[in-house]
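Note that the structure is predicted; figures quoted are calculated from it, not measured. Note on naming: letters A, B, ... go to the chains in the order of the sequence lines (proteins, then strands), and numbering restarts at 1 for each one.
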Number of protein chains: 2
Amino acid sequence: MTDRTPGRSHRAAPVLTHPDDVPLLTALTALADPVRIQLVRTLADHPDWSLSCSNFDVPVGRAAKSHHFAVLRAAGLVEQRDDGPKRLNRLRREEFDARFPGLLDLALRDDEVS
Amino acid sequence: MTDRTPGRSHRAAPVLTHPDDVPLLTALTALADPVRIQLVRTLADHPDWSLSCSNFDVPVGRAAKSHHFAVLRAAGLVEQRDDGPKRLNRLRREEFDARFPGLLDLALRDDEVS
DNA sequence: CGCACTGTATGATGCTCATCGAACACTCTG
DNA sequence: CAGAGTGTTCGATGAGCATCATACAGTGCG
């Protein structure tokens with residue numbers, strides 16, 4: 001049997017990891033997508049752990065949304081925690097800002113995404 | 001006859017344009033590429049207008065290099081000027097920094113691109 | 001003029017990635 | 001246990017893009 005987080009594990013997926021040493025390209029690529037920018041902005045407008053994935057209103061299906069959250073998590077932008085059947089989210093503001101000062105502010109500040 | 005810059009014009013290509021109101025996604029996408037990051041960094045290490053396109057040592061052919069410069073120009077990161085058969089380049093530091101404060105610093109500061 | 005040099009445009013190719021539908025896994029409640 | 005709700009994984013599909021080879025268009029020099 002493999003590692004499991006207290007809540008859901010979904011197949012043999014390892015515990016949710018949230019890296020601190022993200023390469024620059026990974027961070028830029030993660031933010032260079034309109035859907036992910038929207039996710040990050042929505043997240044910034046709500047308290048930590050107050051939103052589960054299904055609460056985000058983006059124009060893609062569940063599968064794509066799940067994929068985007070995985071990308072954001074791999075980029076160190078989002079932390080996820082399982083709570084019952086839901087997966088709650090939190091923007092890693094300070095952590096990401098420590099790694100890439102000003103980048104998150106830029107993504108949140110600007111109104112015209114494209 | 002169409003507009004021409006004093007130097008080369010290449011077919012009916014309009015005068016080289018360098019936008020100021022770049023969308024956020026355009027800027028992030030332009031920087032989310034290892035070759036373009038390298039071009040920007042090389043450019044930052046040399047005086048304005050001191051490098052022509054062929055002076056940049058990136059592991060791609062001439063066509064791809066030309067394409068990358070076009071992307072950087074469209075993102076407002078690079079200004080180009082024709083000088084005889086060469087096309088000289090300049091990093092639009094202040095202009096880009098005014099539009100996206102800190103972003104260029106991040107691209108230049110970090111050593112580990114990927 | 002003819003040639004070398006520089007850079008762009010075009011067409012083709014291959015790869016990455018965003019997306020979807022469907023199946024699956026887990027949790028909780030009735 | 002059965003069913004609803006939530007989210008992930010898988011396979012397939014399509015679009016976009018990075019790249020190349022080639023052809024083309026300027027510039028300047030002999």
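- Counting heavy atoms from C-beta on, the side chains of Leu24(A) and Glu112(B) never come closer than 4.5 Å.
- For the pair Arg81(A) and Asp48(A), the salt-bridge criterion is not met [side-chain N within less than 4.0 Å of a carboxylate O].
- Separating the CD atom of Gln80(A) from the C1' atom of dT6(D) is a distance of 13 Å, rounded to the nearest angstrom.
- The distance between atom CG of Leu39(B) and atom C1' of dA18(D), rounded to the nearest whole Å, is 13 Å.
- Across the protein-nucleic acid pair, Arg87(B) atom CZ and dA25(D) atom C1' stand 12 Å apart, rounded to whole Å.
- Of the candidates dC20(D), dG7(D), dG7(C), the closest approach to any side-chain atom of Ala63(B) belongs to dC20(D).
- Candidate nucleotides dA18(D), dT9(D), dG7(C) were compared by shortest atom distance to the side chain of His68(B), and dA18(D) ranks first.
- Comparing dG5(D), dA18(D), dC5(C) by their nearest atom to the side chain of Arg36(B) picks out dA18(D).
- Atom CG of Asp83(B) is separated from atom C1' of dG26(D) by 14 Å (rounded to the nearest Å).
- Distance, Asp33(A) CG to dT16(C) C1': 13 Å, rounded to whole Å.
- Counting only heavy atoms from C-beta outward, the side chains of Asp20(B) and Arg92(B) approach each other to under 4.5 Å.
- The side chain of Lys86(B) lies closest to dG7(C) when the candidates are dC20(D), dG5(D), dG7(C).
- Residue Val35(A) has its side chain nearest to dT19(C) when only dC20(D), dG7(D), dT19(C) are considered.
- Residues Phe56(B) and Asn89(B) are in side-chain contact: their nearest non-hydrogen atoms beyond the backbone lie under 4.5 Å apart.
- Of all nucleotides listed (dT19(C), dT8(C), dT6(D)), dT8(C) comes nearest to the side chain of Arg73(B).
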Completion exercise
Pairs under 3.5 Å (Watson-Crick or G-U), crossing ones as [ ], inter-strand ones as |: DNA chain D comes out as ||||||||||||||||||||||||||||||
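- In this structure, the CG atom of Leu51(A) is 15 Å from the C1' atom of dG7(D), given to the nearest Å.
- Taking the side chain as every heavy atom from C-beta outward, Leu91(A) and Leu104(A) approach each other to under 4.5 Å.
- Distance CG (Leu16(A)) to P (dC26(C)): 14 Å, rounded to an integer number of Å.
- Relative to the side chain of Arg62(A), the nucleotides dT8(D), dT8(C), dT6(C) differ in distance, and dT8(D) lies closest.
- Between Ser52(B) and dT6(C) there is no side-chain polar atom (N or O) within less than 4.0 angstrom of OP1 or OP2.
- Remark: C1' of dT6(D) and CZ of Phe69(A) are 13 Å apart, rounded to the nearest angstrom.
- Comparing His67(B) and Ser54(A) along DNA chain D, the residue whose closest nucleotide (by nearest heavy atom) sits nearer the 5' end is Ser54(A).
- Side-chain contact between Phe100(A) and Val22(A) is present, with heavy atoms from C-beta onward closer than 4.5 Å.
- When side chains are defined from C-beta on, Asn55(B) does not count as touching His46(B), because their heavy atoms never get closer than 4.5 Å.
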